[in-house]
Amino acid sequence: QVLLVESGGGLVQAGGSLRLSCAASERTFSSYTMAWFRQAPGKEREFVAHISWNAANTNYTESVKGRFTISRDNAKNTVYLQMNRLKPEETAVYYCAARSGGGWGNRIYDYDFWGQGTQVTVSS
């Protein structure tokens, strides 16, 4: 069982930046593919970005390319999401997710473990 704890959410004005962090309890964190998803009120949870176990591969949903950056520090068991030029429509709860066994995916059921989420609110 992997415990994931997100932090770094908050209120920011449109065009601003936030950096989310997700700390994992598992000592084998470095073997997990990690991802960020988000869920806006009344909407389904959607994929934002993923990073492979060794950070060699990343993928982003189209709408965040060039503005968001996912990264990880395996020595600290932490994955990050740097979000720049935020938009009001990106207001959502942001979730960290972990996948064991290699590979990656952009669907909820591609991931085995989830954090509780951190609220990001972007004001216009």
Side-chain angles (χ1 to χ4, degrees):
Q1 185 73 16
V2 179
L3 179 63
L4 302 172
V5 180
E6 301 96 335
S7 62
L11 174 65
V12 64
Q13 290 188 332
S17 298
L18 281 175
R19 187 194 196 203
L20 305 183
S21 299
C22 171
S25 63
E26 180 58 48
R27 287 179 295 174
T28 58
F29 169 81
S30 61
S31 68
Y32 288 87
T33 295
M34 300 298 296
W36 288 95
F37 285 72
R38 63 189 177 189
Q39 187 166 17
K43 296 188 177 181
E44 294 185 352
R45 194 170 300 188
E46 65 171 357
F47 171 80
V48 176
H50 114 278
I51 188 166
S52 62
W53 67 275
N54 60 356
N57 296 297
T58 59
N59 281 284
Y60 299 89
T61 192
E62 192 64 34
S63 64
V64 308
K65 286 180 180 179
R67 298 186 298 117
F68 288 16
T69 303
I70 189 170
S71 61
R72 66 190 297 161
D73 185 340
N74 287 343
K76 296 182 178 180
N77 285 3
T78 302
V79 63
Y80 305 97
L81 185 68
Q82 177 67 43
M83 306 185 294
N84 298 326
R85 304 198 305 277
L86 281 159
K87 304 175 182 180
E89 56 265 37
E90 295 178 314
T91 292
V93 177
Y94 283 69
Y95 295 92
C96 171
R99 172 188 169 92
S100 60
W104 78 282
N106 61 0
R107 300 164 298 185
I108 294 173
Y109 53 82
D110 289 322
Y111 293 84
D112 305 300
F113 306 103
W114 293 84
Q116 292 300 305
T118 185
Q119 176 70 46
V120 171
T121 302
V122 185
S123 63
S124 57

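- Going from atom OG1 of T118 over to atom CG of L18 covers 8.5 Å, rounded to the nearest 0.5 Å.
- For the side-chain contact (heavy atoms from CB on, under 4.5 Å) test, residues two or more places apart in sequence or in another chain that qualify with A56 are S52, N54.
- For the pair D112 (side chain) and S100 (backbone), a donor-acceptor distance under 3.5 Å is present.
- Other residues, nucleotides and ligands place no more than 12 heavy atoms under 6.0 Å from the NZ atom of K43.
- With values rounded to the nearest 0.5 angstrom, T121 atom OG1 is found 10.5 Å from L86 atom CG.
- Applying the ring-ring contact (aromatic ring centres under 6.0 Å, His included) test to pairs two or more places apart or on separate chains, none has a residue in residues 71-100.
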Per-pair distances, 0.1 Å, donor-acceptor, side chain in residues 2-17, under 3.5 Å, sequence neighbours excluded:
unit_1 : atom_1 : unit_2 : atom_2 : d
E6     : OE1    : Q116   : N      : 3.1
E6     : OE1    : G117   : N      : 2.9
E6     : OE2    : C96    : N      : 2.8
E6     : OE2    : G117   : N      : 3.2
S17    : OG     : N84    : OD1    : 2.9

Legend entry - side-chain contact (heavy atoms from CB on, under 4.5 Å) evaluation trace for I51 with Y32: CA-CA 9 Å; I51 188 166; Y32 288 87; over 6 Å; no
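- Both V48 and V120 belong to a common hydrophobic cluster when Ile, Leu, Val, Met, Phe, Trp and Tyr are linked at side-chain heavy-atom distances under 4.5 angstrom.
- Under the 4.5 Å side-chain heavy-atom criterion for ILVMFWY residues, no single connected hydrophobic cluster contains both F37 and V122.
- R19 pairs by the side chain to side chain donor-acceptor pair (under 3.5 Å) definition with nothing, not counting sequence neighbours.
- Annotation: side-chain contact (heavy atoms from CB on, under 4.5 Å) contacts of E46 (sequence neighbours excluded): R38.
- Nearest heavy-atom pair, R85 versus G66, reported as atom, atom and distance to 0.1 Å: NH2-O, 3.5 Å.
- Taking every heavy atom of both residues into account, G105 and Y111 meet most closely at O-OH, 2.7 Å.
- Taking all atoms of both residues into account, the shortest heavy-atom contact from N59 to F47 is O-CZ, 3.7 Å.
- From R72, atom CZ reaches atom OG1 of T33 across 7.0 Å, with rounding to the nearest 0.5 Å.
- Minimum heavy-atom separation, W114 to I108: CZ2-O, 3.4 Å.
- Among pairs with a residue in residues 24-72, none fulfils disulfide (SG to SG under 2.5 Å), at least two apart in sequence or across chains.
- To the nearest 0.5 Å, the span separating CG on D110 from CH2 on W104 amounts to 8.5 Å.
- Cation-pi geometry between R67 and Y60 is not met at under 6.0 angstrom from the ring centre and within 45 degrees of the axis.
- Of all heavy-atom pairs between S71 and V79, the closest is O-CG2, 3.1 Å.
- W36 and V93 end up in different hydrophobic clusters when Ile, Leu, Val, Met, Phe, Trp and Tyr side chains are linked at under 4.5 Å.
- Taken from NE2 in H50 to CG in N106, the straight-line distance is 10.0 Å, to the nearest 0.5 Å.
- Here K87 contributes atom NZ and S63 contributes atom OG; the two are 7.0 Å apart, rounded to the nearest 0.5 Å.
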